[in-house]
Novice: 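Pasting a structure below so you can have a look.
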Amino acid sequence: MTAPLAAALPLAFYARPTLRVARALLGKILVHRSAAGIAAGRIVEVEAYRGPEDRAAHTAGGRRTARNEVMWGPGGRLYVYFTYGMHHCCNVVTRGPGEPEAVLLRALEPLAGLALMRRRRNRPDLPVAALARGPGNLCRALGIDRRHDGALLTTGPIVVLDAPPVRASMVAVSPRIGVAYAGDHALRPWRFFLRGSSAVSGRRVGESLRRAGRAS
DNA sequence: CTCGCGATTCGCT
DNA sequence: GCGAATCGCGAGG
C-alpha cells in the first residue's frame with residue numbers, strides 16, 4: 001500500500017475546541033477537485049466563531065435555521081453561506097453535534113490551479129497572492145458555493161490536506177473583521193493569520209506586535 | 001408578507 | 001475613506 005504524500009485531515013482533527021482547530025488549520029492545504037480541474041492553496045488566515053455565546057456567530061443565542069443547520073452537526077463538514085447578495089463564505093465546522101461552532105477560511109496562498117483560479121475570478125491581471133485573498137474571493141477562486149454546504153471534508157470533492165504545523169512564532173492574532181455589530185465580542189482576538197504572508201486579507205494589525213497567545 | 005441588513009469587494013473621490 | 005452592488009435570510013407583523 002503506498003501512503004499518499006499528504007493525507008486528508010481525519011475527523012478527529014475537527015472535533016476539538018474551535019480556537020485550537022483555527023490555529024491548527026494555518027498551513028494546511030485546501031483542495032477542490034472539480035470537473036473544471038484542481039485548485040488548491042495553503043490556508044493563511046482564519047477566524048473562529050464560537051457558538052451560542054458568541055454574538056458574532058450565526059448561531060449566536062442558539063439560533064438554529066435552515067441556513068446554519070450544518071453548524072449544528074458534527075465537525076469536519078463545510079458550512080457555506082451567501083452574503084451581500086453576491087459573495088459566498090466557507091467555514092469548517094468544528095466540535096460535535098449540538099456545539100455549533102466553525103472556523104471561517106479567509107485567505108489562501110495559491111499553490112495549484114492558478115489559471116483556473118484566475119478564470120474563476122475573471123480578473124486576468126491579479127497577482128497570485130490576491131487570487132484567494134478575502135473570504136469571498138477564496139470561495140470564488142476555488143469554485144465553492146452553496147452546493148457545497150454540508151460537504152464532508154474527509155472525502156472530497158473538497159478536502160483539507162495535512163501539512164507540517166506552522167511555528168507558533170509565525171502566527172499573529174487580531175480581532176475578527178466585519179463583525180462590529182457584535183459589540184464587545186467584536187474585540188475578541190479570534191482571527192489568526194500567518195505573519196508575513198502577502199495573501200492575508202485586510203489590515204495585518206498585530207502582525208509585528210502580538211504573538212498568538214492563549215485566547216479565551 | 002414586508003423589511004432591514006449582512007462573517008464583502010471593488011472602484012471612485 | 002466611502003458607497004454601490006445585489007439577494008437570501010431571519011425577525012416580526
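Just so we're on the same page: letters track the sequence lines, and every chain starts at 1. Quick note: numbers below take in every heavy atom, side chains included, and nothing from hydrogens, waters or symmetry partners.
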Novice: Spell out, as yes or no, whether a donor-acceptor pair under 3.5 Å connects the side chain of R118(A) to the backbone of L126(A).
Specialist: yes

Novice: Taking only residues two or more places apart in sequence, or in another chain, which ones meet R176(A) in a salt bridge (charged side-chain N to carboxylate O under 4.0 Å, His left out)?
Specialist: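 Scan of R176(A) (salt bridge (charged side-chain N to carboxylate O under 4.0 Å, His left out), adjacent residues dropped) gives D54(A).
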
Novice: Tell me whether the count of non-hydrogen atoms from other residues, nucleotides or ligands lying under 6.0 Å of CD in E69(A) goes above 12.
Specialist: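 For E69(A), atom CD is crowded (more than 12 foreign heavy atoms under 6.0 Å).
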
Novice: For atom CZ of R146(A), is the number of surrounding heavy atoms from other residues, nucleotides or ligands below 6.0 Å larger than 12?
Specialist: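 Count over threshold, so yes.
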
Novice: Do Y181(A) side-chain atoms and A56(A) backbone N/O form a donor-acceptor pair below 3.5 Å?
Specialist: yes

Novice: Which residues within residues 127-151 of chain A lie with some heavy atom under 4.0 Å of an atom in DNA chain B?
Specialist: G134(A), P135(A), G136(A), N137(A)

Novice: Between H148(A) (side chain) and D145(A) (backbone), is there a donor-acceptor pair under 3.5 Å?
Specialist: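 Yes.
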
Novice: Tell me which of R123(A) and G178(A) sits closer to the 5' end of DNA chain B, going by the nucleotide each one is nearest to.
Specialist: G178(A)

Novice: Can you list every pair that meets side-chain hydrogen bond (donor to acceptor under 3.5 Å, both in side chains) and has a residue in residues 154-164 of chain A, with sequence neighbours left out?
Specialist: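 Every side-chain hydrogen bond (donor to acceptor under 3.5 Å, both in side chains) pair that includes a residue of residues 154-164 of chain A, provided the two are not neighbours, is K28(A)-D162(A).
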
Novice: Looking at R140(A) and R120(A), would you say the former's side chain and the latter's main chain have a donor-acceptor pair under 3.5 Å?
Specialist: yes

Novice: Between which nucleotides of DNA chain C, read 5' to 3', does contact with chain A run, using atoms under 4.0 Å from its heavy atoms?
Specialist: dG1(C) to dA11(C)

Novice: If a pair satisfies ring pair (Phe, Tyr, Trp, His ring centres under 6.0 Å) and one of its residues is in residues 86-133 of chain A, list it, with sequence neighbours excluded.
Specialist: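 Sorted pair list: F82(A)-H88(A).
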
Novice: I need the full list of ring pair (Phe, Tyr, Trp, His ring centres under 6.0 Å) pairs touching residues 95-139 of chain A, with sequence neighbours left out, sorted by first then second residue.
Specialist: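 Matches after skipping sequence neighbours: none remain.
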
Novice: Please find the earliest and latest nucleotides of DNA chain B, in the 5' to 3' direction, that have an atom within less than 4.0 Å of any heavy atom of chain A.
Specialist: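 Span of nucleotides near chain A: dG6(B) to dC10(B).
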
Novice: Using heavy atoms and a sub-4.0 Å distance, could you list which residues of residues 93-108 of chain A are near DNA chain B? By number, please.
Specialist: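 Here the set is L104(A), R106(A).
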
Novice: Specify the closest pair of heavy atoms between V93(A) and M71(A), including all atoms of both residues, with the distance to one decimal.
Specialist: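 The answer is CG1-O, 3.9 Å.
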
Novice: What contact category does R176(A) fall into here, base, sugar-phosphate, or nothing, at under 4.0 angstrom with non-hydrogen atoms?
Specialist: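 If one applies the 4.0 Å heavy-atom cut-off, R176(A) turns out to touch nothing in the nucleic acid.
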
Novice: Which part of the nucleic acid, if any, lies within reach of R121(A) when heavy atoms closer than 4.0 Å are counted: base, sugar-phosphate only, or nothing?
Specialist: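 The answer is sugar-phosphate, as R121(A) gets under 4.0 Å only of primed atoms, P, OP1 or OP2.
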
Novice: Would you mind telling me which of R95(A), E99(A), R23(A) makes a side-chain contact (heavy atoms from CB on, under 4.5 Å) with T18(A)?
Specialist: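 It is R95(A); the other options fail the test.
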
Novice: If we ignore hydrogens and angles and just use 3.5 Å, is the side chain of S198(A) paired with the main-chain N or O of A129(A) as donor and acceptor?
Specialist: no

Novice: Just to be sure I understand the geometry, which residues of residues 75-87 of chain A put a non-hydrogen atom under 4.0 Å away from DNA chain C?
Specialist: F82(A), Y84(A), G85(A), M86(A)

Novice: Counting C-beta onward and ignoring hydrogens, is there a side-chain heavy-atom pair between P189(A) and S174(A) closer than 4.5 Å?
Specialist: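 Not touching, per the 4.5 Å side-chain cut-off.
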
Novice: Report, one line per pair, each donor and acceptor closer than 3.5 Å where one atom sits in a side chain of residues 73-80 of chain A; sequence neighbours left out.
Specialist:
{"residue": "R77(A)", "atom": "NH1", "partner": "G150(A)", "partner atom": "O", "Å": "2.9"}
{"residue": "Y79(A)", "atom": "OH", "partner": "H58(A)", "partner atom": "ND1", "Å": "2.7"}

Novice: Which residue, L105(A), V92(A), I29(A), forms the side-chain contact (heavy atoms from CB on, under 4.5 Å) with I43(A)?
Specialist: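 Between I43(A) and the candidates, side-chain contact (heavy atoms from CB on, under 4.5 Å) is satisfied uniquely by L105(A).
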
Novice: Can the positive tip of R16(A) be found less than 6.0 Å from the middle of the six-membered ring of F13(A), inside 45° of the ring normal?
Specialist: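 Yes - R16(A) lies over the ring of F13(A), closer than 6.0 Å to its centre and within 45° of its axis.
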
Novice: Can you list every ring pair (Phe, Tyr, Trp, His ring centres under 6.0 Å) pair that touches residues 103-137 of chain A, not counting sequence neighbours?
Specialist: none

Novice: Would you write the dot-bracket representation of DNA chain B, where each base gets (, ), [, ], | or . depending on whether it forms a Watson-Crick or G-U pair under 3.5 Å and with which partner?
Specialist: ||||||.|||||.

